[in-house]
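These notes are about the structure you will find just below.
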Amino acid sequence: MPAYGDLVILQSPRGKRYLRRVEEGNDLHCQEGVLPMADLAAAEYGTEIRTRQGVPFRVQRPTITDLVKGVKRQTQIIYPKDIAYICMRLGVGPGRTIIEAGSGSGSLTVALSWFSGPTGRVCTYEAREEFYKLCRRNLDWAGVGQNVTQFNRDIIDGFEQTDADALFLDVRTPWDYLHHVVRAVKPGAALGFLVPTVDQVSKLLHGMETGPFDDIEVCEILIRRWKPVADRLRPEDRMIAHTGFLIFARHQERSEEWDSFRTLGTRERKQEAARQERLAAARGAADAVDAAADDDAGFEE
């Protein structure tokens, strides 16, 4: 049965769900009447209790989905459909160190802490103090966070870690921090990024071309629920569609020998030629900057 201090889901016959903490005097007041907290504390999970108007409510134990969706938010949160795939792709679990940048309200941080367990470690960075504090409040509210270390600073100067197993960036311009990403993780580490628009995806992919990144995947996750009626099974009229683009990669040094063994079709050869042109142009621009700097230094002398 729920203990005082636990979070509990209360579901009404109309489908309304309330996520409440079992606390003395924290009775639920709703259209169906008043549900005394003492009755809830004496109930078992999976049973029903009644309001003073006789309306039954189901008592359920909250899942990680309920906790993620229930955080207090001042920012756009990452939703369970994306979080699940992020955690799978990054290999979040016991004994692993995960870096997150852009804590925001902490929905992903809650999930990372949950899946990492007592032997895992989560390092989360947030530049804005109000979101840094909000993330900690949400971790405490959800009953997780003992394995989370928070950093209230911008990642423009890099990360304190140098051997993380995976890293996830939820920032506006992730391509600006790719050089810091490489220094923060182990070789072969899994990397993830979240951006909301197509042009951000393109800029990130261009940025990754010049660095040690491979096994790149770009995706978005859509959920279309179906009406659970056996005799008239059909999709629901609304669906959870685009919430953001997910980009995944590995920290992987490239080699000419590896590339020589790859089999490319006509389209892939054209794409590779275009990539090489962009890389050559980038190297030329970098050389021009270095030459200008040398000229300025010689002039000053």
Does any part of the side chain of [Y], heavy atoms only, come nearer than 4.5 Å to the side chain of [X], both counted from C-beta?
X    : Y    : answer
K227 : L233 : no
E24  : D27  : no
N147 : R121 : no
R52  : P36  : yes
Y125 : I99  : yes
L194 : I78  : yes

Same cluster or not: [X] versus [Y], using hydrophobic residues (I, L, V, M, F, W, Y) connected whenever any side-chain heavy atoms lie under 4.5 Å apart?
X    : Y    : value
I221 : V195 : no
V68  : I98  : yes
L246 : M239 : no
M208 : V185 : yes
L169 : L108 : no

Check: [Y] main-chain N/O paired with [X] side-chain donor or acceptor under 3.5 Å:
X    : Y    : answer
Q161 : A184 : no
T51  : Q53  : yes
R250 : G188 : yes

Task: Pair listing, ring pair (Phe, Tyr, Trp, His ring centres under 6.0 Å) test, anchored in residues 222-256, at least two apart - done: Y85-F248, H242-F245

- [ ] Step by step, work out the side chain to side chain contact (heavy atoms under 4.5 Å, CB included) result for E268 and R262.
- [x] CA-CA 10 Å; E268 287 80 8; R262 295 174 60 202; over 6 Å; no

With a 3.5 Å cut-off and no angle check, do the side chains of [X] and [Y] form a donor-acceptor pair?
X    : Y    : result
R17  : Q60  : yes
R20  : N26  : yes
T109 : S103 : no
S105 : K72  : no
D163 : T97  : no
E44  : T47  : no
S202 : D199 : no

TODO: From the options T124, L112, V110, select the one residue that forms a side-chain contact (heavy atoms from CB on, under 4.5 Å) with V148.
DONE: T124

Open item on the list: Quick check for you: to the nearest 0.5 Å, what is the distance between E126 atom CD and F151 atom CZ?
Closed with: 13.5 Å

- [ ] Before giving the answer on side chain to side chain contact (heavy atoms under 4.5 Å, CB included), spell out for F115 and V144 the whole-Å C-alpha distance, their side-chain angles and the decisive distance to 0.1 Å.
- [x] CA-CA 10 Å; F115 288 117; V144 296; over 6 Å; no

Task: Whichever hydrophobic residues join Y45 through chains of side-chain contacts under 4.5 Å - done: Y4, V8, L10, Y18, V22, L28, L35, M37, L40, I49, V55, F57, V59

- [ ] Please check if atom NZ in K69 has more than 12 non-hydrogen atoms from other residues, nucleotides or ligands closer than 6.0 Å.
- [x] no

Open item on the list: Other residues, nucleotides and ligands only: do more than 12 of their heavy atoms fall within 6.0 Å of CD on E257?
Closed with: no

Task: Counterpart residues, salt bridge (charged side-chain N to carboxylate O under 4.0 Å, His left out), relative to E130 (two or more places apart) - done: R128

- [ ] Please test R224 against E236 for salt bridge (charged side-chain N to carboxylate O under 4.0 Å, His left out), starting from the C-alpha separation and ending with a verdict.
- [x] CA-CA 7 Å; R224 184 174 70 171; E236 292 188 357; over 6 Å; no

Open item on the list: Tell me whether D165 is salt-bridged to K186, with the criterion being a basic N under 4.0 Å from an acidic carboxylate O.
Closed with: yes

